[in-house]
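One structure below.
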Amino acid sequence: MSARENILARIRGQTGKSGATSEGELAAVHAHIARHLRGPLPSFAMHDPQEHFVKECGRLSTTLTEVADLADVPREVARYIAAQSLQPRCVGWQEFSTLDWQSAGIQFDNRATKPDDMIGLTGCFCAIGETGTLLLLGASARPKTTALLPETHICIVKKSRIVPTMEDAFALMRNEIGEPPRATFFVSGPSRTADIEQTIVIGAHGPYRVHVILVP
Amino acid sequence: MQVQSMHFKQTASTKLNDAVLQKALKKSKSKFVDGRALGVAEVDNWEDIRTYAAALRDRVIDNLDAYLIEFERNAIRRGAQVHWAETAEEANAIVLGIAQKNAVKTITKSKSMVTEEIALNGTLIGAGIRVMETDLGEYILQLADEAPSHIVAPAVHKSKEQVAELFMNAHHKPRLTDIPSMTREAREQLRSHFLGADMGISGANFIVAETGTTLTVTNEGNADLVTTLPRIHCVVTGIEKVIPTMEDFATLIRLLPRSAIGQSIVNYLTLTTGVKAPDESDGPEQMHIVLVDAGRTKLVGSDMKDMLRCIRCGACMNHCPVYQNVGGHAYGWVYPGPMGSVLTPTYVGIENAGDLPNAATFCGECQVVCPVKIPLPDLMRKWRERQFDMKLRPFGERAAISLWGFFVQRPRLYALATRIGARVASMMGGEQKLIHSLPGIDGWTQGRDMPAPAGETFRELYAAKSAAKQVAR
């Protein structure tokens with residue numbers, strides 16, 4: 001017998017069930033999963049998601065600005081880059097390559113992220129008000145490394161895509177995409193560690209800065 | 001990992017006199033305990049969420065075979081290869097086999113307690129593969145050649161001076177003095193390893209039956225790099241980690257970081273499902289999932305099955321007065337604190353676990369803070385009973401308990417014996433009403449005096465008071 005059979009048989013034996021796992025038992029599991037039951041929510045999860053998102057971003061050290069139109073994003077990125085004294089160059093997702101980066105004085109590259117890229121620009125599938133979290137779904141035109149390798153991650157968030165809870169984010173994903181893609185990635189602020197003397201340091205292996213630009 | 005739990009008493013004594021450790025424990029205690037209290041206080045229905053989470057974990061554990069089969073089916077459908085390991089040795093052989101088959105020379109790892117359990121690094125390094133731990137705490141310990149002393153904060157016992165020393169020697173750079181510089185230096189050192197590794201090994205906080213997804217929770221972002229950059233991703237995890245749906249994860253993630261350190265959410269929730277598409281620029285070409293038993297099935301369906309609900313937050317140890325004073329290494333195996341005192345005897349044998357079930361004051365705080373309501377004191381008590389029955393405790397202790405058992409089952413005899421005992425102890429206390437030395441348990445009186453009882457037992461006082469009341473009426 002294989003390890004798999006032995007382990008499953010031991011589980012059956014220990015729970016007093018005989019024979020192999022039956023079709024009926026598997027059907028019961030399917031039926032339970034299909035209900036997608038939601039657990040109890042804390043009352044703050046029911047607050048206005050956009051308002052709560054802004055507040056939670058502050059707690060996570062995510063900086064945040066709002067622009068009136070998607071076309072204003074390059075100008076806002078230029079302002080942010082200047083304020084941080086960074087080089088006006090970023091690597092970003094394909095969907096933003098048509099924005100007018102040139103007149104904002106920024107070199108925008110749509111390609112796979114290289115280790116020495118300093119700024120990565122992405123969108124997000126949706127954002128979560130309860131915790132100030134960004135949900136990024138990886139795809140060929142939306143590589144995860146853009147949000148991960150550079151020291152600065154700039155994320156464009158549509159205000160209408162801020163949902164109250166993680167449960168809502170998963171429901172949205174199920175409706176629009178179906179199953180989670182290979183790289184499903186929740187980001188809540190810049191990377192951090194407290195592994196030396198429990199002292200929080202911002203900037204571990206991921207970005208040092210996360211900057212959200214809210215667009216309509 | 002080599003089991004050293006039988007030396008708990010000796011090691012604990014040493015740890016109590018370790019000044020660096022004591023300072024570290026004091027500091028971390030306030031961060032963990034106060035942090036959790038603040039984090040939990042934000043959630044107005046904390047108890048409801050705990051109850052729901054405990055029930056959802058129970059549902060899976062009671063139908064573990066079906067949920068594992070469902071997880072496996074979906075993981076395979078999404079392109080992962082699923083392996084099953086009954087023992088630590090089998091798990092190590094599977095991972096080594098994957099590495100050798102793919103000519104892997106370098107591996108990056110994100111923190112995984114299961115790989116500590118099975119001592120995977122030793123196997124891989126022994127076969128000539130370079131293995132780099134990338135969680136900052138685990139990296140520090142790899143340099144120090146030490147085991148983690150905490151399941152969430154593995155290097156909690158190290159001072160920044162000790163870390164500075166390790167980094168100076170390993171990185172061949174000037175000694176650093178501040179923690180942000182040390183963190184940056186570790187980041188720079190590890191970057192090239194991340195980028196060059198052939199294989200990434202991660203653990204999993206949960207695996208999701210619905211989608212075949214494995215899920216990792218980190219603040220540093222290292223699990224993301226480990227699961228994204230190398231061409232092979234290998235997950236090593238325990239069979240009890242399966243949960244039905246993404247919604248269940250949403251519930252559990254409300255509990256986990258708050259219980260661990262009081263954070264409302266961790267920085268990165270990393271969900272990985274299958275392998276990269278041909279046109280994707282990042283992601284692994286192969287994904288392997290090793291489902292490890294190594295003792296877990298012994299708990300299924302047993303009187304200790306509640307332990308399988310554990311989500312590895314570390315709150316029980318953070319709040320344990322014994323852990324707070326001796327630290328994690330004293331426990332002598334991978335899992336310290338109350339959860340370790342239940343798991344270690346199960347996984348390595350009660351005969352090797354020595355004093356662990358007794359390394360508790362039974363104050364009950366571990367059960368109070370457990371996000372999935374594991375009755376840890378009850379489970380430790382079960383191990384105590386088993387140790388007694390198996391005659392694994394010292395003769396004197398067993399004789400004393402048997403004697404006590406004899407009296408306690410005979411109420412009149414018990415009343416007489418305690419009457420005599422209370423009077424004798426009262427006389428022993430003398431004028432100062434303090435007993436300086438107790439025959440048979442002189443260890444207890446070595447560092448303190450025992451206050452002498454007044455001379456009458458509770459029952460006598462109770463009877464006298466009742467009688468007085470009757471007279472007054």
Side-chain angles (χ1 to χ4, degrees), chain A residues 2-4 6-8 10-12 14-16 21 25-26 28-29 32-33 36-40 42-44 56 59 112 115 131 133 138-140 143-145 148 165-167 170 179-199 201 203-206, chain B residues 27-28 31 43-45 48-49 52 63-67 69-70 84-86 90 136-137 153 155 160 163 179-180 182-183 187 195 209-211 213 219-222 224-225 228 244-247 250-251 264-265 267-274 276-277 279-283 293 297 300-301:
Chain A
S2 69
R4 179 184 187 275
N6 287 338
I7 291 171
L8 291 174
R10 257 203 308 278
I11 294 170
R12 303 283 297 167
Q14 292 276 97
T15 44
T21 313
E25 287 170 280
L26 287 172
V29 163
H32 176 71
I33 287 174
H36 296 300
L37 290 176
R38 293 185 179 201
S43 58
F44 60 75
E56 291 300 311
R59 294 216 305 181
T131 48
T133 300
S140 56
K144 172 173 167 174
T145 37
L148 196 58
T165 65
M166 187 180 281
E167 284 87 342
F170 284 129
E179 294 200 291
R182 176 189 57 78
T184 302
F185 181 37
F186 292 90
V187 179
S188 305
S191 75
R192 68 187 66 205
T193 181
D195 271 350
I196 305 176
E197 294 196 349
Q198 311 324 109
T199 304
V201 177
H205 294 303
Chain B
K27 192 169 174 183
S28 66
K31 299 241 168 173
V43 183
D44 51 357
N45 60 345
D48 295 347
I49 302 177
Y52 185 89
N63 300 281
L64 190 57
D65 52 327
Y67 278 100
I69 290 170
E70 182 63 10
W84 302 67
E86 287 188 76
E90 273 184 32
L136 180 58
K160 70 173 181 190
V163 176
I179 294 169
M182 292 181 212
T183 306
R187 174 189 167 109
L195 295 164
E210 175 189 10
T211 53
T213 299
N219 276 328
E220 297 185 7
N222 58 318
D224 292 288
L225 293 163
T228 307
T245 64
M246 292 290 177
E247 279 77 3
T251 295
S264 58
I265 187 90
N267 289 73
Y268 299 104
L269 308 175
T270 309
L271 284 66
T272 48
T273 317
K276 75 169 196 165
D279 61 345
E280 278 188 286
S281 60
D282 55 24
D293 178 350
T297 46
V300 175

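Being a predicted model, the structure only gives us computed values, none of them experimental. In the text below, chain A, chain B and the rest are named by the order of the sequence lines, each starting its count at 1.
Comparing A/E167, A/E56, A/E25, A/R38 by heavy-atom pairs within less than 4.5 Å of chain B, the highest count is held by A/E167. Ranked by heavy-atom pairs shorter than 4.5 Å toward chain B, the options A/I7, A/L8, A/T165, A/V187 are led by A/I7. Options B/T211, B/N63, B/V300, B/T228 differ in how many heavy-atom pairs under 4.5 Å they form with chain A, and the most are formed by B/V300. Contact count against chain A (heavy-atom pairs under 4.5 Å) is highest for B/T297 among B/T297, B/V43, B/N222. Considering only heavy-atom pairs separated by less than 4.5 Å from chain B, the leading option among A/P143, A/G203, A/G138, A/A112 is A/P143. The residue among A/T15, A/V29, A/T199 with the most heavy atom pairs within less than 4.5 Å of chain B is A/V29. Between chain A and the options B/A250, B/S28, B/A155, B/G221, the largest number of non-hydrogen pairs under 4.5 Å is found for B/A250. Interface check for chain A: of the options B/E280, B/E90, B/R187, the most heavy-atom pairs under 4.5 Å are formed by B/R187. With respect to chain B, the highest number of heavy-atom pairs below 4.5 Å among A/M166, A/R59, A/R192 belongs to A/R192. Ranked by heavy-atom pairs under 4.5 Å with chain A, the list B/A153, B/A277, B/G274, B/P244 is led by B/P244. Interface check for chain B: of the options A/G16, A/P190, A/A194, A/A183, the most heavy-atom pairs under 4.5 Å are formed by A/P190.
Of the inter-residue distances, the one linking B/E247 atom CD with A/L37 atom CG reads 8.5 Å to the nearest 0.5 angstrom. Here the CZ-OG1 distance, from A/F185 to B/T270, works out to 6.0 Å after rounding to the nearest 0.5 Å. The structure places CG of B/D65 at 13.0 Å from CZ of A/R10, a figure rounded to the nearest 0.5 Å.
Between the side chains of B/S264 and A/T131, no donor N or O sits under 3.5 Å from an acceptor N or O. Using modelled atom types and a 3.5 Å distance limit, the side chains of B/E220 and A/T193 yield a donor-acceptor pair. Judged purely by distance below 3.5 Å, without hydrogens or angles, the side chains of A/S191 and B/N267 never pair a donor atom with an acceptor atom.
Taking both residues in full, the closest heavy atoms of A/S188 and A/T133 are given as OG-OG1, 2.8 Å, listed atom of the first, atom of the second, then distance. Here the closest non-hydrogen pair linking B/A66 and A/L26 is O-CD2, 3.8 Å.
Residue B/E86 touches chain A through both its backbone and its side chain, counting heavy-atom pairs closer than 4.5 Å. B/A85 touches chain A through its backbone: at least one of N, CA, C or O sits under 4.5 Å from a heavy atom, while the side chain does not. Of the two parts of B/S281, only the side chain, counted from C-beta on, holds a non-hydrogen atom closer than 4.5 Å to a non-hydrogen atom of chain A. For B/T213, the part sitting under 4.5 Å from any heavy atom of chain A is the side chain, from C-beta outward, and nothing else. For A/R12, the part sitting under 4.5 Å from any heavy atom of chain B is the side chain, from C-beta outward, and nothing else. Of the two parts of B/L225, the backbone and the side chain both hold a non-hydrogen atom closer than 4.5 Å to a non-hydrogen atom of chain A. Of the atoms belonging to B/K31, it is side-chain heavy atoms, and not backbone ones, that fall under 4.5 Å from chain A. Contact annotation for B/K160: both backbone and side-chain heavy atoms come within less than 4.5 Å of a heavy atom of chain A. Contact of B/V163 with chain A is made through the side chain alone, with heavy-atom distances under 4.5 Å.
Between the side chain of A/Q198 and the backbone N or O of B/K27 there is no donor-acceptor pair closer than 3.5 Å. Judged purely by atom type and a 3.5 angstrom limit, B/D48 has no side-chain atom pairing as donor or acceptor with the backbone of A/P40.
Using a 4.5 Å heavy-atom threshold, the side chains of A/E179 and B/T273 count as separate. Counting only heavy atoms from C-beta outward, the side chains of A/R182 and A/K144 never approach each other to under 4.5 Å.
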